[in-house]
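Data first, discussion second: the structure below is written as structure tokens.
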Amino acid sequence: MTVFAPKSDFLRVLTERGYIHQCSDFAGVDELARTGSLVAYIGFDCTAASLHVGSLIQIMLLRWLQKTGAGKPVPLMGGGTTRVGDPSGKDESRKILSIADIEANKQSIKGVFSNFLSFGEGKSEAVMPDNAEWLTALNYIDFLRDVGRHFSVNRMLSMDSVKMRLERDQELSFIEFNYMCLQAYDFVELNKRYGCVLQMGGSDQWGNIVTGIDLGRRMGTGQLYALTSPLLTTASGAKMGKTAAGAVWLNADMLSAWDYWQYWRNTEDADVGRFLKLFTELPLDEIRRLEALQGAEINDAKKILANEATAMAHGRAAADQAMETARKTFEEGGVSTDLPTIEIPRAEFNAGVGVLTAFVRAGLVASTGEARRQVKSGGLRVNDASVSDERATLGERDLRDGAAKLSLGKKRHVLVRPV
RNA sequence: GGGGGAGUGUCCCGAGCGGCAAAGGGGGCGGACUGUAAAUCCGCUGGCUAUGCCUUCGCAGGUUCGAGUCCUGCCUCCCCCA
């Protein structure tokens, strides 16, 4: 990357913290950011009911834009484009979601942003449009005449997202092939509506974004800009945001603050510094101190990472509570009443609930068969005592403060409480 | 339209002479070692009221004591020819 000394706080922060993969024109973006007149958007798919950690870096871009006073963040809901499906970076066609599902997903996703951005009509306050607002109103013939004529199929065929599919003989439907045209058109439309001149996104979006810049020039928007963030993987090569239990969702109703905190707490040593820079707002000199910690001491840095990241997504109170629960559970080996809890009717409990069944009910294992296998390898514990008899039952003697602690492995704990 | 090939354990890839709950990977989970890390090593990786029973190899039939494996039809995908 070329050496560029940004004058704006926005680009300086992004550069220092490692958010930038490519930018079409550093100086141009820098100047707009410096004068506080940078309107920038990032599109978000509505393919699931929540965004996950993989989108967090994008959300942070918008947050820094607002926080540094560089301009107006525009998180764009892809209510329209999600009906089409983006082929970028995907091997296979995406299944097409129903319009009702997309709408429900959109509503659910909207909530996340209020934790990260402040919305309003002010110059640096965020707005959240949905591209369904203009895309669904398009008339096919008009669109072809006004917009379609600016696209070269020759060039579209040479784009990585398309080329990859063609080379591997993988189906690329016409509807997906059109995705980039719609995304490009979004950029132009947002320019008209909000004076938006910068589109940001993951590095896999570079082609789509540049296509939008190009369309803008042909349709008279004036100069537009692109800025992409690196595609994040963990130090050992795994994609960000996926765990055994599934994606690391940002919505509290899909992943509890406790589990979210644990996700960050379990960061690999080699990632701590990088993640502190990207996913917290701690000052850089503080981060340098934390990432320099050696051996077991780096656990302190991970706790701070978990705390800061959780506070941003779920609030400071939820983060503090997760930390306290973790302290009691892991450092004192005790029972925190704030652990995830399931309830079992008193009568059923008194009649005797099999341990295997209890672990299934707690959601720690998928079936009694799996529970049985875990018993064999010593993975199940009740109140920290290893389960050796698969026919044992839970009873009054297992209750501590009215609940029994079931554990799978060393990290996953659930309380069972008779009511 | 004609010819050829493929679809396997509901995460993925992939072997499979008529005796198959089905080889081997990857991923994942558990255990050991540690620091709730990484790396490494070991075990497990259809379901159940469980020495048994039930459901699995694209779908539906058929042959057979017995079918992932053989036969027929259908669906989907790929390649070659038109």
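All chains are named by letter (A, B, ...) in the order of the sequence lines, taking the proteins before the strands, and each is independently numbered beginning at 1.
Taking atom P on both nucleotides, B/rG5 is separated from B/rG26 by 32 Å, rounded to a whole Å. Taking atom C1' on both nucleotides, B/rG16 is separated from B/rC57 by 10 Å, rounded to a whole Å. On the C1' atoms, B/rC20 is 13 Å away from B/rA15, given to the nearest whole Å. Of the C1' atoms belonging to B/rA39 and B/rU10, the separation is 33 Å, rounded to the nearest Å. Of the C1' atoms belonging to B/rC44 and B/rC77, the separation is 35 Å, rounded to the nearest Å. Taking the C1' atoms as reference points, B/rG18 lies 12 Å from B/rU63, given to the whole Å.
In A/Arg397, the CZ atom is crowded: over 12 heavy atoms of neighbouring residues, nucleotides or ligands sit closer than 6.0 Å. Atom CG of A/Asn139 has more than 12 neighbouring heavy atoms from other residues, nucleotides or ligands inside a 6.0 Å radius.
For B/rA37, one of the phosphate oxygens OP1 or OP2 lies less than 4.0 angstrom from a side-chain nitrogen or oxygen of A/Lys411. Listed pair A/Arg373 / B/rG47 meets the phosphate criterion, a side-chain N or O lying under 4.0 Å from OP1 or OP2. The phosphate of B/rG47 has neither OP1 nor OP2 within less than 4.0 Å of any side-chain N or O from A/Thr368. Between A/Lys410 and B/rA32 there is a side-chain polar atom (N or O) within less than 4.0 angstrom of OP1 or OP2. For B/rU36, neither phosphate oxygen OP1 nor OP2 lies less than 4.0 angstrom from any side-chain nitrogen or oxygen of A/Thr267. Taking 4.0 angstrom as the limit, A/Ser367 places a side-chain polar atom (N or O) nearer than this to OP1 or OP2 of B/rG47.
Across all strands shown, A/Trp261 has heavy atoms under 4.0 Å from base atoms, whether or not it also approaches the sugar-phosphate. Residue contacts for A/Leu380: at a heavy-atom cut-off of 4.0 Å it reaches no nucleic acid atom on any strand shown. Residue-level contact check: A/Lys302 touches the bases, meaning some heavy atom is under 4.0 Å from a base atom. Residue-level contact check: A/Gln262 touches the bases, meaning some heavy atom is under 4.0 Å from a base atom. As judged by a 4.0 angstrom heavy-atom cut-off over every strand, A/Arg372 is placed among the base-contacting residues. Residue A/Gly295 is in base contact, counting any heavy-atom pair closer than 4.0 Å across all strands shown.
Using the Watson-Crick or G-U wobble rule with both distances under 3.5 Å, B/rC44 pairs with B/rG28. Remark: B/rU49 base-pairs with no nucleotide; criterion is Watson-Crick or G-U wobble with both hydrogen-bond distances under 3.5 Å. B/rA60 is paired with B/rU72 under the Watson-Crick or G-U wobble criterion, all donor-acceptor distances under 3.5 Å. Summarising the base pairing, B/rA21 is matched to no nucleotide, lacking a Watson-Crick or G-U wobble pair whose two defining distances lie under 3.5 Å. Applying the Watson-Crick and G-U wobble criteria (two distances, each under 3.5 Å), B/rA38 pairs with nothing in any strand.
Under the 4.0 Å criterion applied to side-chain N and carboxylate O atoms, A/Arg372 and A/Glu390 are assigned as salt-bridge partners. For the pair A/Asp142 and A/Arg145, the salt-bridge criterion is not met [side-chain N within less than 4.0 Å of a carboxylate O]. Under a 4.0 Å N-O distance rule, the pair A/Asp30/A/Arg12 does not qualify as a salt bridge. Looking at A/Glu268 and A/Lys302, no side-chain N of the basic residue comes within less than 4.0 Å of a carboxylate O on the acidic one, giving no salt bridge.
Across B/rA38, B/rG30, B/rG35, the shortest atom-to-atom separation from the side chain of A/Leu408 is found for B/rG30. Proximity note for A/Phe330 (side chain, C-beta onward) versus B/rG35, B/rU36, B/rU34: the nearest is B/rU36. Side chain of A/Ala296, nearest nucleotide from B/rG47, B/rC29, B/rG35: B/rG35.
Atom CE in A/Met323 sits about 16 Å away from atom P in B/rU36, given to the nearest Å.
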